[in-house]
Each structure stands twice: as C-alpha cells, then as structure tokens.
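Just below is one structure, and these are the notes that go with it.
On a predicted model such as this, the values are computed, not experimentally measured, just so you know. Hydrogens, waters and symmetry mates are skipped; everything else that's a heavy atom, side chains included, is used. Order of the sequence lines fixes the chain letters, A, B, ..., with proteins taken first and strands second; residue numbering starts at 1 for each chain.
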Protein chains: 2
Amino acid sequence: MARRGDTIELAVLGLLHEGPMHGYELRKRLNLMLGWGRLLSYGSLYPALKKMLRNGLIEETVPSGPQTRRQRIVYKVTEAGTNEFERLMSEVGPAAWEDDNFDIRFRFFSSTDMEIRLRVLEGRRSRLQERLDRVQRELSMTQKEADRYAAELQRHGVESVEREVRWLSDLINAERGVPLQDGRPETSQSSKPSEKLPEAPTTSATS
Amino acid sequence: MARRGDTIELAVLGLLHEGPMHGYELRKRLNLMLGWGRLLSYGSLYPALKKMLRNGLIEETVPSGPQTRRQRIVYKVTEAGTNEFERLMSEVGPAAWEDDNFDIRFRFFSSTDMEIRLRVLEGRRSRLQERLDRVQRELSMTQKEADRYAAELQRHGVESVEREVRWLSDLINAERGVPLQDGRPETSQSSKPSEKLPEAPTTSATS
DNA sequence: GTTAGCATGTAAGGAGTTACATGATTTT
DNA sequence: AAAATCATGTAACTCCTTACATGCTAAC
C-alpha cells in the first residue's frame, strides 16, 4: 500500500484534520505546500474526494445557513478517516521518502511521534545520499563531461541535493534535541531550522 | 506541441547526437541527468524508441561484428531526427521552462544559439519568481502557520526556489557576458557558475 | 553452478492533466 | 456590463510505472 496515488488522500485527510473545508479551499492549500511544482487540478482532486467519500473516510455536508457564495460542499473526516490517516502517517517504508510523499508527511509531522519522524527523516536522507553517491560514482567512470552546460547542470544538481541532505541532518539533530551541534565549520551557515523544533505534542489527534 | 511527453524524445535525440548508442546505455545516461528524481523505466524508454523509429527520427542497426555481450540494438539519429531536434530546441514557450523539460534543454544548450538560451533561462526565472510571489502573497493572507513543521517546510521551500532564481540570474548574466556583476553583496556567495560560460558555438550540429 | 549485471521487450493498470461544461458572485 | 474569481464537476487522453517475460555473459 501507500503507493504514489495515496499522496492526495493523505494530504486531504491531514488538512481536514485541521478543520472542515470545501474542495476549492482544499486545492488552494494543497497547491501551497505540494512540491512547489505543478498545481493540482480539479480533475484529480474532485474524483479523489468522491473516492474517499465512497470509502467512508470523509463526510460531506452542504451548509444550509446563509450562503454568501455559491453552494459549497464541506468535507470533514470520519473516524475511519482518522484511523486511516494515522495508519498512513505511521508507514515508514521507502514510499514515505519519495518527494511529494515526504513533503506531505513532513507537513503533518506534529501528528506523529518522534520515532516515526526520525525514521522518515533518516530514510529520506539516506535515499538522497545514495542518489548522490551513485551519480558521483558513475560520473568518475565517464569522461569529465566536455560540454560546459552539461557540467554546470551536474554541478548544480549535486549542490542542490547536498543542501537538502544538510537540511535533513539539521532537522534530525533538532529532533534528537541537539541544540546546535558543531558539525563541519565551513558548512555551518547551511540552514538552521527556524528555532530548534525538538519536542512536540506526541499526541496524534484522535478526536 | 511540445507537451510533457516529448521530454524523453528530446533527451534521446540530444544524446544520440553525441554518438550512436543502445537503449540500455541511453537509459543510464538519462537517469544521470533527468531531474535527480525518479528513474526512467524500460517500460517507457523502449516504447518511446519504437515510436521514434516509426516516425523516422532514428534508425536502428544491429552490429554484426564480434559481440562481446548480448545482441545490442544501436540507434542513431536520421536527418529528420536532427531537424526535429532543432525544432524542439528552438521552442521557447512555457513548456520549455517546465522542470524536466528545462533540464533537458539546458543540458543541450550548446546546440542552440544565445538568443534561445536567454529566452529559456529568463522564462524559467520568471516562472519561478511568479511562484514565489504567489506563495508569499497567499502566505500573508493566511495566518502565520501555527504549526512548526508546516512553517519550516514553507521556509525551506521558499529558500530553495530563491536559490534557483539566483542561479538562473547568474547564468543569464554569464550569457550576456557580464563578468561577475555587483548584485546584492550579502547573497554574492550564491553560486557563480563554473567559469563565465558566455559565448558558445552557435552552430547547431547539422551532421 | 549460481548470482549479478547486461540487454530488450510487453501488458496491464494507475494517476493525473487537459479540455470541456456550468453557473453564481464580486469587483472593476 | 464585463471580467475575474469562486465553485464543482466529467470525459478523454497521455504518460509512465509495475510487473512480467526472456536470455546471455561475467564473476564468485
């Protein structure tokens, strides 16, 4: 389970956990956090919502009060939905450290406990590290890329992934409660996540 | 035209331009440059090659010399393929600055002239800038994101895109022949592409 | 001899985008 | 009055991934 397709589901469950919402609103929020890349289309959001309705993960209510705007369908999580959300969030396998999937999970990290958080963070880090190693290894076997643009692309790519790895390391240290950690002094100006963000409510919302 | 699906086609044409190759080899190289993300599967490469064969963009030859390994099918570009490659590379519309598409184009920048390069680079930069503006605007409307992880994700996302924008700016300056440019002094340690990489062979390889 | 890597393919299925379709409400 | 934004949805299509299927060669 937890294949790529469950990404939207996880995100929707997480967002609805913060309060009932209608589709349009959901899409806007999703686009704000989803990968900074492509936008989520209605053509994939609404069918996903219908599917979740069928599976009983969410409920729809059409508010009959004074309608400011057009009829809006407000969704909220059911108990089954909460269970499913917790189940999905506690999956720590490879699927959990895929790009989009990781971002969503991270966004809702407050809903899991530290153990899960650490596993996901470390999983993602080692996945990125592998990628880096593989590229660097294969790069040394091939000739030094005569083309300047190809070389620049490669350099930039490696640098980006390295930054990402440092970011993850900082987060892992913060989770473990390491206040600032010495680290390698030359790269110490890397990121330093907002505060320290260690300890956090271990309670997963079981309302 | 130039929808998402043409990305593989463009990449294959570009690579074969640097010399004939068989599928397995092609895949390896593609994976080295393609987005640093997901790997390209055989299930999408081989069908793509077949399609290009049908369209006459490439030719296959089974080398009958001493076979070290198993039978390998070596592909090379046809004249039609070269034309198509040049046509694709000179498209400067929005599709050209999509993530993967941009990377591929950049990789083969040597095959186009500076005007095209500048348009693609600037297009991508403004696309990223838009994204940044939209997020920052919507962020100021919503409350300040109470959740620490949500906030951290946002911060990191913004920072990454900002870095990308600086990278593109440096490249644009380099293209224009600006040696180092003053810029804002605090962010001057940003990237500085390998050399200056201005001028480049305007000749597109016409076999 | 058996595992690992080279090498090429096909079939089924999933996920999401594009384009279409509709209509209310608010702002200019 | 027009344009923009809110709001929900469907159908067709494209693309890619997964899993399967095959078989050679090199290394252990």
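Proximity note for B:Arg72 (side chain, C-beta onward) versus D:dC6, C:dA7, D:dT8: the nearest is C:dA7. Of the candidate nucleotides D:dT8, D:dC16, C:dA7, C:dA7 has the atom lying nearest to any side-chain atom of B:Tyr24. Listed candidates were C:dC6, C:dT17, D:dA7. Nearest to the side chain of A:Ser44 is C:dT17. Comparing C:dA7, D:dT8, C:dT17 by their closest approach to the side chain of A:Ser41 singles out C:dT17.
Residues passing the side chain to side chain contact (heavy atoms under 4.5 Å, CB included) test with A:Glu25, sequence neighbours excluded: A:Met21, A:His22, A:Lys28, A:Arg29. Every residue meeting the side chain to side chain contact (heavy atoms under 4.5 Å, CB included) condition with A:Ser44, not counting sequence neighbours, appears here in chain and number order: A:Ile8, A:Leu40, A:Ser41. For A:Arg125, the side chain to side chain contact (heavy atoms under 4.5 Å, CB included) test picks out A:Glu122, A:Val165, A:Leu168, A:Ser169, A:Ile172, with sequence neighbours left out.
In this entry the distance linking NZ of B:Lys28 with P of C:dT8 reads 11 Å, nearest Å. Remark: P of C:dG5 and CZ of A:Arg134 are 14 Å apart, rounded to the nearest angstrom. As a whole-Å value, the separation of A:His22 NE2 from D:dT8 C1' is 10 Å. A:Arg29 has its CZ atom 14 Å from the P atom of D:dC6, to the nearest Å. Straight-line distance from the CD atom of B:Glu9 to the P atom of D:dT14: 14 Å, rounded to whole Å. Atoms CD1 (B:Ile73) and C1' (D:dC24) sit 14 Å apart, rounded to a whole Å. Straight-line distance from the CD atom of B:Glu60 to the C1' atom of C:dG9: 12 Å, rounded to whole Å. Separating the CG atom of A:Leu45 from the P atom of C:dT17 is a distance of 10 Å, rounded to the nearest angstrom.
Dashed line: the shortest gap from a side-chain N or O of A:Tyr42 to OP1 or OP2 of D:dG9 is not under 4.0 Å.
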With a cut-off of 3.5 Å and sequence neighbours excluded, list every side-chain donor-acceptor pair involving residues 47-60 of chain A.
none

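An angle of 40°, rounded to 10°, separates the two end axes of the helix from C:dG1-D:dC28 to C:dT28-D:dA1, each defined over five pairs.
When the shell of 6.0 Å around CZ of A:Arg119 is examined, it contains 12 or fewer heavy atoms from other residues, nucleotides or ligands.
Atom CD of B:Gln154 is separated from atom CD of B:Gln136 by 9.5 Å, given to the nearest 0.5 angstrom.
Residue B:Gly43 is classed as a base contact, given a heavy-atom separation below 4.0 Å to a base.
Remark: A:Tyr46, A:Lys50 in residues 46-59 of chain A come within less than 4.0 Å of DNA chain D through at least one heavy atom.
Contact between A:Ile116 and A:Val92 at its shortest, heavy atoms only, is CG2-CG1, 4.0 Å.
Side-chain contact between B:Asp113 and B:Met89 is absent, with no heavy atoms from C-beta onward closer than 4.5 Å.
Relative to the six-membered ring of B:Tyr24, B:Arg72 misses at least one condition, a distance below 6.0 Å or an angle of at most 45° to the axis.
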